[in-house]
Structures are given as C-alpha cells and as structure tokens.
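Indexing begins at 1, ligand by ligand and atom by atom, following the structure's order. No experiment lies behind these values; they were computed from the predicted model shown.
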Amino acid sequence: MKRFFIRGLTVLFTLLILFGGITLHTVIQSQANGQLINYVGIVRGAAQRLVKLELADKPNDELIQYLDDIINELVSGDGPYGLPTPQDSTYQENLKILDRMWKQIKGGVSAYRNEETGGDALLLLSEAYFIQANDTVFAAEAYSNRQTHVLLTVCIVMLVIMLLTWVFILFAFSKNLLSLEKSNKKLSDLARRDTLTGVYLIDTFKEKAQQLLDDLPGERFAVLYTDFADFKYINDVFGYAYGDNVLSHYGDILRAGLRQNELCGRVSADNFVLLLRYEDRAEIVSRQRQADKQIRGFMHDSCDGQWLSTCCGICCVEDISEDLKIDVLLDRANFARKTVKTGTRQNYVYYDESIRTRLREEKDIENRMQTALERREFTVYYQPKVDLRTGKIGGAEALVRWQTQDDTVIGPDRFIPVFERKFMIAQLDQFVLEEVCRWLRRQLDAGKRVLPVSVNVSRLQFYDQNFVERYVEIRERYQIPPQLLEIEFTETIAVENTSLLVATVNKLKRAGFSCAIDDFGKGYSSLSLLKSLPIDTLKVDGFFFSEGADRERDMAVVQGVIDLVKKFRVNTVAEGVEHAEQVEYLRKIGCDFIQGYVFYRPMPKGEYEKLLDDGK
Ligand code: C2E
Ligand code: CA
Ligand code: CA
C-alpha cells in the first residue's frame, strides 16, 4: 500500500510539472500567435494604405521598407519583431503567395511612379493582394486556433489524469487510515478486555453500557449479575488452573450468546455482568439459564461429574424510576443476586419493589448506624437457657436490639448484615460485650445472683488479629470472672479458613473464655471439625425443631449429634424450641439446655434480673 502511495505521489508531481510547463508554453505560444496574426494584419492594411498614398501622389518609401521588413521576417523568421514561423503548410503557402504578390505590388508601385502603368493596374494588384493577405490572416488564425485546441486538449487530459491520480491517492490514503484505525480499535479493544475470560474489564463494561443506555433510550435493557455458588470449592479441590479454565469457558459461552448492542464484563473472580436486550422478561432468564446449563455441562464432563450451581440477579430498566445509571443498575442486580436462596430452585431473581424497600431500609440503617452507636441506641436483651436437669435457668444469651429514638425496636436480622457489610460489626459486638460486662459487674457488686452469659461474635472478627486481646481487655476492665462469659460463633468461617478458626478458638480458650458453636446444622456443619475444636457448647439450630421439619429424621440426627459430642464433654443447647413435647424428648436424649420460646423469649435486662431474683 505504501509503495502505491509513493508511486501515485510521484506521478502526480511529474504531471503537475508537465502541466505547469504546458500551460506556460500555451500562454507564450498564444501570445506569439496573437502577435503573428497582428503583423499579418498590419501587412494587409499597410499595403492598402501604401497604394492609396501612391495613387494620391504621396509616395512613402518608409512604409515600403517597414512592410519589407515584416514580410521578410515572416518568411525567414529572422528580424527585429521576434515573430514566429509556424510550420503550417496552408499558412506557409499563403505566405509564399503573399510574398510574391508583395513583390508584384512593389514592382507595380515603381512602374506607376515611372508612369509605365496607370493607377488602375496598381489598384487591381492591391485588391488581389488584400484578398491574399486576408487568406494569410485566416490561415494564421486557423493555425493559432488549432494550436490552442491541441494545447487545451492536452491540458484537459492532464487535468483529468491528475484528478484521477489524486482520487487514487486519496482513496489509498483513506483506506490506509481506515485500516490503521481498525487495527488501532482492535488493539485498544483487546487491552480493555479481561485476559482470562475475554469479556470486558468492569470499567470498560460500565463505560460502554452507559453509552448504550444513553444512545438507545427507548430500548429495553436488563443488567444481569451472575455468581457461582462457592467457587472457592472448585479452586480448593480441583486447583486454580482448573478454576481458571471454568471461568474462561464461561466467558466464551457468555460472549457467544451476545447479540447486537449487548455486553459482557467481569467484576471479580467468579462474578460476571451482562447488559442484554429483551422483548419480554422471560426471555432474559431463558437465555441465561441456557448459558448456565452449558457451563454446568462443561464442569460435569471435566470435573468427575461435579458442578456448581449459579445464581443471577436481574435488574430491568423499566423497574427503575430514576435516571438510568449503570452503577445503579449493577447495584440493584447485585442486590437481587444476594437474595437468591442457596439450595432452592429460584436461581434467577428480578430486582423488584420488595427488594427496593429492603434496599431503602438498609440504606437508611447504613446512614443511621454510626450515630446510633454513639447515642447508645443499642440495648441488650437476654434470652434465658433452661437447664433440663434442674428445670432452672442455667444462663442466657445476649441478643442485641436497636431501640430507635421513636422507641421502635429493630431486630438484629435487619441490621447485622448491614454492619457486617460496612465492617462495623466488631464495634457492635464489642459494645454488646461491654454492656454485658457492665451489667454483670453491677449484679456482682450488688451481691446478686449471676449466671453465664453468651455473646455472639461475627465471623468477620476472626480476621482481626487483636480480637481476643480486645475481648480480654474489656472483661478485665470490669473484672468479670472468665467462666461467666461464653463466646458464640458459627462454623461457617471453617469453609473459608479452617486453620484460622482452630487457632482463634484455641486462643480464646487459653484466654479463659468458654466457646460455643452456634447454629449447628444450619449450613455446612461438619462433625469431623468438632473433633479438632476445643469447644464447650454446641447449639443445635432451631431449624430441627421448626414446623414442617421431617420430625423423625431430624430428631434422629439431633440424637446422633448429642450422643457424639457428649463423648467430648461438650454441652448441648437446643435452640428455637417452641413445644412442650419437644422438651420432653430432648431431655430424654440427653440434651443439656433449651433456649426457646417454650420457656422464655429474649427480654430486657430488667425482666431477666427479676427472673434471677425470683430464683427461676
Ligand atoms: P442466634 O445467635 O441464633 O440467636 C438466636 C435467635 O433465635 C434469636 O433471634 C432468638 O430470639 C431466636 N429464638 C430463640 N428462641 C426461639 C424460638 O423458640 N422460636 C423462634 N422462632 N426463634 C427463637 P434474634 O434475637 O432475632 O437474633 C437473630 C440473630 O442475630 C442471632 O441468631 C445472631 O446470629 C444475630 N445476633 C444477635 N445479637 C448479635 C450480636 O450481638 N452480635 C452478632 N454478631 N450477632 C448477633
Ligand atoms: Ca447465638
Ligand atoms: Ca443460633
């Protein structure tokens, strides 16, 4: 392409020089031709005048000389006037005749002067000469016209060639530019894609998606936020290389499914986002279901028949009342994704009004939680645990409540997740521990009856290296005997980091805290883990005692668990027990404590104090 381009330019340059030369030549030539016609015209007119003067007896030899000079120069090309001598046969013939006739006129003039002939003969000669001179002028004119014609044609042809060359260069140049731009575009597009999966990096996705939303305002777009359930499992069990392989394959599947004006991006490890267009909503789910089916098939075939389920939150533009901002759509799709309940078949959730209300509530909580902590709007409720051997209260669990300024009490399920997300849960947990310690101190100082209290600790605190030290510091500040405090935590952290869980529990034990595993049976409970954890208490989740549970099977599981942990001298607490017959059964199978509505609901500390005072 470059070679053509240079050649084109050379041709154009040569043509330009030629064109300039020819144009100059044309100008000079037409000037010379004009002069020639002019002088032939003079020869014609001056001879007439000469004859007239002769006949009027006013001979003019200067005029004869003048005409002689001109005619000589016209014929020979040599003379003072710089006249051209065109090699045109018609003109040359006419000129020859004219020259001959001029000589005859000169002869006629001298004969007239010598009175050898009369004026009539001279006049006759002059008329014949005039006609010949006229013909010569015409021949010169015709010659000049022809010349101009030829030069003009050459100029036009050259102009056309130049124009064509120019068009060619322009075409080649723009083609070159276009292909350059194309490859530039391709390169920059590649740079903006995730190397592993080939989909857009999230910033590029956002930028492009926003552009589409702005450019196609009437279009029905949906933003999808997808996630694999427990992708860590794949990485841990089958290795990172295989995990990468799955993600890269998923990227291929998602990209292959895209239509015009649709996009795909990757947010983080196993989270992908899509911008799809739709006619009706069902179409979105069916397309995504299809893609997910493909990746499950891939995992199934390449991973010993194992696969992970996927979940997906969807936010349609028509469900958004405010400005269409991609960040908002992504947040909402992500929010919908988080509401997907694992283990159900509802893997695709649309963002809707109820989610919106929850979102608003959470935002409200988020805005108020810092000041609420400072204003000490949180209080601690106590839910007694009944010792099944004695039938008396054997301790209590501290459960936090948010008592807002307008006296509404908000339950922890609504605000704990927000505190966890905003990494403020440690502050709240410590606040609860301190409230409990303060209350125990007061009870102790007043010489009243005290029983152990358990406090909940979020799994996020286990990632804080100073967590145990901080708890010891609070306990010692209030000088609470260690046996009065128990720490409850869930074992979900074991899925993320088993060794961290074991190390922290050991540290807590060394610091004198009792330790309890909470919500056993709710999630990924593992009996084998219990062997490596030096815990004091196991709290069996209320799920086993709820309505609709498969009573016989669940009770068999509970019995099995109780039998097993008894061997490790671990106390058992059954949570969420609401019916008297369950109490009897639990007593029979050797459960130590019951914490449930069947005996007591969580209550403010005043009420709990009263129960203790009454010796319950
Ligand atoms: P949890 O630790 O499993 O606490 C027991 C929950 O079961 C309490 O709910 C309690 O009121 C409820 N419950 C007890 N007996 C029954 C019953 O017979 N039937 C029914 N349906 N429910 C019963 P609550 O107080 O709403 O607390 C919910 C969760 O919030 C707690 O579950 C715990 O995970 C968390 N939480 C509460 N306080 C704190 C805290 O100070 N820090 C942390 N990190 N989490 C807390
Ligand atoms: Ca608990
Ligand atoms: Ca529990």
Item to check | Stepwise side chain to side chain donor-acceptor pair (under 3.5 Å) test for Ser514 and Gln483 | outcome: CA-CA 7 Å; Ser514 294; Gln483 66 274 15; over 6 Å; no
For [atom], what's the nearest protein heavy-atom neighbour? Residue, atom name and distance, please.
atom: atom 41 (O) of ligand 1; value: Val432 CG2, 3.5 Å
atom: atom 35 (C) of ligand 1; value: Pro412 CB, 4.3 Å
atom: atom 44 (N) of ligand 1; value: Asp429 OD1, 3.0 Å
atom: atom 29 (C) of ligand 1; value: Asp413 OD1, 3.6 Å
atom: atom 34 (O) of ligand 1; value: Asn456 OD1, 4.6 Å
atom: atom 45 (N) of ligand 1; value: Ile416 CD1, 3.4 Å
atom: atom 38 (N) of ligand 1; value: Val400 N, 3.2 Å
atom: atom 3 (O) of ligand 1; value: Asp519 OD1, 3.1 Å

Checklist entry - Which atom, counting only N, O or S, brings Asp519 closest to the Ca ion (ligand 3)? => result OD1
Checklist outcome for this item: To the Ca ion (ligand 3), the closest N, O or S atom belonging to Glu575 is OE1
Item to check | Phe415 ring center within less than 6.0 Å of Phe378 ring center | outcome: yes
Donor + acceptor pair across side chains of [X], [Y] (<3.5 Å):
X: Gln370; Y: Lys422; answer: no
X: Arg470; Y: Gln461; answer: no
X: Tyr351; Y: Thr339; answer: no
X: Asp194; Y: Thr197; answer: yes
X: Ser454; Y: Glu397; answer: no
X: Thr572; Y: Asp592; answer: yes
X: Tyr250; Y: Asp292; answer: yes

Less than 4.0 Å is my threshold; does some heavy atom of [X] fall inside it relative to ligand 1?
X: Lys539; result: no
X: Gly576; result: yes
X: Pro602; result: yes

Checklist entry - Can you name the one residue among Thr310, Thr226, Asp227 that meets side-chain hydrogen bond (donor to acceptor under 3.5 Å, both in side chains) with Arg337? => result Asp227
Which of the atoms in ligand 1, numbered in the order shown and given with their element, are less than 4.0 Å from a heavy-atom of [X]?
X: Gly596; result: 15 (N), 18 (O)
X: Gln383; result: 10 (C), 14 (C), 15 (N)
X: Val577; result: 18 (O)

Next on the checklist: Under 3.0 Å from the Ca ion (ligand 3), is there any N, O or S atom belonging to Asp541?
Outcome noted: no
Quiz question for you: does at least one protein heavy atom lie closer than 4.0 Å to [atom]?
atom: atom 9 (O) of ligand 1; result: no
atom: atom 6 (C) of ligand 1; result: no
atom: atom 32 (O) of ligand 1; result: no
atom: atom 25 (O) of ligand 1; result: yes

Item to check | Side-chain touch Leu224/Leu276, heavy atoms, less than 4.5 angstrom | outcome: yes
Checklist entry - Is there a side-chain contact between Ile535 and Phe568 (heavy atoms, below 4.5 Å)? => result no
Establish, yes or no, whether the cationic atom of [X] lies under 6.0 Å from the six-membered ring centre of [Y] and within 45° of the ring axis.
X: Arg332; Y: Phe335; value: no
X: Arg281; Y: Tyr350; value: yes
X: Arg414; Y: Trp402; value: no

Check [X] and report its N/O/S atom nearest to the Ca ion (ligand 2), by atom name.
X: Glu397; value: OE2
X: Asp518; value: OD2
X: Glu488; value: OE1

Next on the checklist: Quick test of your reading of the structure: of Glu578, Arg414, Arg401, Arg601, whose heavy atom lies closest to atom 21 (N) of ligand 1?
Outcome noted: Glu578
Checklist entry - Taking the minimum heavy-atom distance to atom 22 (N) of ligand 1, which of Phe489, Phe545, Tyr597, Phe415 ranks first? => result Tyr597
Item to check | Passing option when Tyr608 is tested against Tyr381, Trp439, Tyr600 for ring pair (Phe, Tyr, Trp, His ring centres under 6.0 Å) | outcome: Trp439
Checklist entry - Under 4.0 Å from ligand 1, counting heavy atoms only, is it the side chain of Asp518, its backbone, both or neither? => result side chain
Item to check | Leu399, portion touching ligand 1 at heavy-atom distance under 4.0 Å | outcome: both
Checklist entry - Short check: any N/O/S atom of Asn456 below 3.0 Å from the Ca ion (ligand 2)? => result yes
